[in-house]
Amino acid sequence: MKKYNIAILGATGAVGQEMLKVLQERNFPVNNLKLLASKRSAGTVIEFNGKEYTIEETKEDSFENIDIVLCAAENDVSEKFTPIAVKAGAIVVDNSSAFRMREDVPLVIPEVNAEDVKNHNGIIANPNCSTTIALTAVNELNKYGKIKRMIVSTFQAVSGAGINGIKELEQQVKDISSGKEAKINTFQHQIAYNVIPQIGSFDEEGYSQEEMKLQIEGRKILHNPDLKVNCTCVRVPVYRSHSESITLETEKEITVEKAKELLSKAPGVKLIDDLDNSMYPMPLYASDQDLIYVGRVRKDISSENSLVLWCCGDQVRKGAATNAVQIAEVLVKENLV
Ligand code: A2P
């Protein structure tokens, strides 16, 4: 089997580390592996498949002879190095939002629109984590009944704000339990024993960028320019995995029974919906795996052709690292690399 030269840009970060794990778990055909980060991490040794690799500082010549770059770095780093990597002949699967909405860049969830990968011009973007979780959950319902509108509330884990988000929740719980004042650095307010209805800054209409992504990215991924999404994003004191409450209005009616039948067979989805036994998705149990758990499927009693569901997914894995590796797998399977 052909093997590929892979670089991970941002290999020391939360998503980069998870990409390494996922490449190993899924037996991705890796030939040479290059681990790139900032100058700060250069020289750090990381193990992959029983071999030791040294982190290198990312430079302009870092991408020679690389087939696929998995980019797990922030926008500014991706903006700088992605064009350089593409020029050197690599295909970049980028987890940042830098190129997501560019017309010549496919935005892909393999379960939903794998065929879009074929239209790439060197860059393929990974969607926002909440978008990936929601659209993986509703994809089969969309195919059956065509979604016109979604009303979404997200309940997003602190790890979505990186390692500092986790540290802040941990520290605040410790400080409060020992009678000390909680220190606030990463979030706008105390997150321990609280929820914060703000992720990012607000626009003039009062929506945050995070809240608009589901509509903007959803339209592109589902090839539905008329899709309407009204979203409220909330940070919750959960370490890992985002949860979302979704009300979806479809062109064609989907009964609850049909929806459950579709969801039970949906790729990338696990239906957990047993109310008698209080079984439904929860972030604690959706973490550290790749399926989007869906449950609480019910009719919207306030509207026609409308269903309500609840879903949870690991935002570091399916919401970022796993989705990127799955895109790389599509490249390999379709002989596009
Ligand atoms: P480093 O650890 O050396 O700072 P996270 O979002 O989890 O903080 O991860 C960001 C990733 O992007 C890290 O691997 C980080 O490396 C990397 N990174 C940050 N700045 C640069 C840069 N200027 N060049 C290359 N990689 C960078």
Side-chain angles (χ1 to χ4, degrees), residues 8 10-26 70 72-74 95-97 109 126-137 152-174 176 182 184-200 208 210 213-214 231-246 268-270 272 279-296 309-326:
I8 298 185
T12 51
V15 172
Q17 287 286 297
E18 204 67 38
M19 282 171 170
L20 268 173
K21 252 170 89 178
V22 174
L23 284 171
Q24 289 186 75
E25 282 173 21
R26 296 174 75 99
L70 300 175
E74 293 290 326
N95 191 55
S96 84
S97 62
I109 304 170
N126 231 11
N128 171 259
C129 50
S130 297
T131 306
T132 300
I133 292 167
L135 295 190
T136 304
V152 181
S153 295
T154 71
F155 304 71
Q156 299 187 212
V158 290
S159 52
I163 190 82
N164 290 336
I166 299 182
K167 283 188 187 154
E168 185 145 320
L169 174 57
E170 259 168 9
Q171 195 56 46
Q172 288 182 352
V173 169
K174 270 190 207 149
I176 292 165
I184 297 161
N185 292 309
T186 304
F187 303 111
Q188 299 86 354
H189 302 275
Q190 178 186 314
I191 185 66
Y193 311 109
N194 195 17
V195 297
I196 304 173
Q198 177 177 7
I199 298 180
S208 67
E210 186 84 2
K213 279 176 187 168
L214 202 52
C231 183
T232 304
C233 290
V234 181
R235 186 74 69 191
V236 295
V238 163
Y239 283 128
R240 186 146 160 169
S241 285
H242 292 349
S243 307
E244 302 185 34
S245 164
I246 304 176
V269 165
K270 183 175 177 184
I272 305 175
M279 296 293 284
Y280 28 69
M282 285 180 279
L284 197 56
Y285 309 110
S287 294
D288 216 18
Q289 58 81 48
D290 292 322
L291 296 172
I292 303 304
Y293 291 177
V294 183
R296 299 286 323 273
L309 57 83
W310 169 259
C311 63
C312 297
D314 187 320
Q315 88 283 1
V316 188
R317 288 188 64 106
K318 182 56 188 164
T322 305
N323 200 70
V325 174
Q326 284 178 297

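- Ion pairing of Glu210 with Arg235 is absent here, as no side-chain N (NZ or NE/NH1/NH2) approaches a carboxylate O to less than 4.0 Å.
- The CD1 atom of Ile292 sits 5.0 Å away from atom CD1 of Ile133, with the distance rounded to the nearest 0.5 Å.
- Taking the side chain as every heavy atom from C-beta outward, Asn128 and Leu214 never approach each other to under 4.5 Å.
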- [ ] Tell me, with the steps shown, if Tyr239 and Leu284 meet side-chain contact (heavy atoms from CB on, under 4.5 Å).
- [x] CA-CA 8 Å; Tyr239 283 128; Leu284 197 56; over 6 Å; no
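- In this structure, Tyr280 and Cys312 have side chains that are not in contact, with every pair of non-hydrogen atoms separated by 4.5 Å or more.
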Open item on the list: Using side-chain contact (heavy atoms from CB on, under 4.5 Å), reason through Lys318 and Asn323 one step at a time and then give a plain yes or no.
Closed with: CA-CA 5 Å; Lys318 182 56 188 164; Asn323 200 70; 2.7 Å; yes
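- Remark: side-chain polar atoms of Glu244 are not paired, donor with acceptor, to backbone N or O of Ile246 under 3.5 angstrom.
- Counted by atom type alone, Thr232 and Ser153 present zero donor-acceptor pairs between their side chains at under 3.5 Å.
- Using a distance-only test at 3.5 Å, with no hydrogens or angles considered, a donor-acceptor pair links the side chain of Gln172 to the main chain of Ile191.
- A donor-acceptor pair under 3.5 Å is formed between the side chain of Ser208 and the backbone N or O of Ile199.
- Once rounded to the nearest 0.5 Å, the distance linking NZ of Lys213 with OG of Ser130 reads 8.5 Å.
- Exactly one residue among Val195, Ile196, Val158 makes a side chain to side chain contact (heavy atoms under 4.5 Å, CB included) with Pro237. That residue is Val195.
- Between Glu18 and Arg240 there is a salt bridge, since at least one side-chain N of the basic residue sits less than 4.0 Å from a carboxylate O of the acidic one.
- Rounding to the nearest 0.5 angstrom, the gap separating the CG atom in Asn194 from the CG atom in Leu169 is 11.0 Å.
- Taking the side chain as every heavy atom from C-beta outward, Ser159 and Gln315 approach each other to under 4.5 Å.
- The closest donor-acceptor contact from the side chain of Trp310 to the backbone of Ser243 lies at 3.5 Å or more, if one exists at all.
- Between the side chains of Asp290 and Thr322, a donor-acceptor pair is found at a separation under 3.5 Å.
- Rounding to the nearest 0.5 Å gives a distance of 9.0 Å between OH of Tyr293 and OG of Ser287.
- For the residue pair Thr186 and Ala161, the shortest heavy atom distance occurs at CG2-CB, 4.1 Å.
- In terms of heavy-atom proximity, Thr136 sits nearest to Val269 at O-CG2, 3.4 Å.
- Taking all atoms of both residues into account, the shortest heavy-atom contact from Ala72 to Gly16 is CB-N, 3.5 Å.
- Counting heavy atoms of neighbouring residues, nucleotides and ligands inside a 6.0 Å radius, atom OH of Tyr285 does not exceed 12 of them.
- The backbone N or O of Glu74 sits nowhere less than 3.5 Å from a side-chain atom of Ser96 that would complete a donor-acceptor pair.
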TODO: Take Ile8 and Leu20, measure what side-chain contact (heavy atoms from CB on, under 4.5 Å) needs, and give me the verdict at the end.
DONE: CA-CA 8 Å; Ile8 298 185; Leu20 268 173; 3.8 Å; yes
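- Considering only heavy atoms from C-beta on, Ser245 stays 4.5 Å or farther from Val152 through its side chain.
- With contacts defined as side-chain heavy-atom distances shorter than 4.5 Å, the pair Glu168/Ile184 qualifies.
- Inter-residue side-chain proximity for Val238 and Met282 is flagged as unmet; no heavy-atom pair is nearer than 4.5 Å.
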Open item on the list: Under the criterion side-chain contact (heavy atoms from CB on, under 4.5 Å), I'd like the reasoning laid out for Ile176 against Gln190: C-alpha separation, chi angles, the key distance, then a yes or no.
Closed with: CA-CA 11 Å; Ile176 292 165; Gln190 178 186 314; 3.3 Å; yes
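- Checked options Thr131, Leu70, Val15, Asn95; the residue passing with Asn126 is Asn95 (criterion: side chain to side chain contact (heavy atoms under 4.5 Å, CB included)).
- Heavy-atom minimum distance, Cys129 versus His242: SG-NE2, 3.6 Å.
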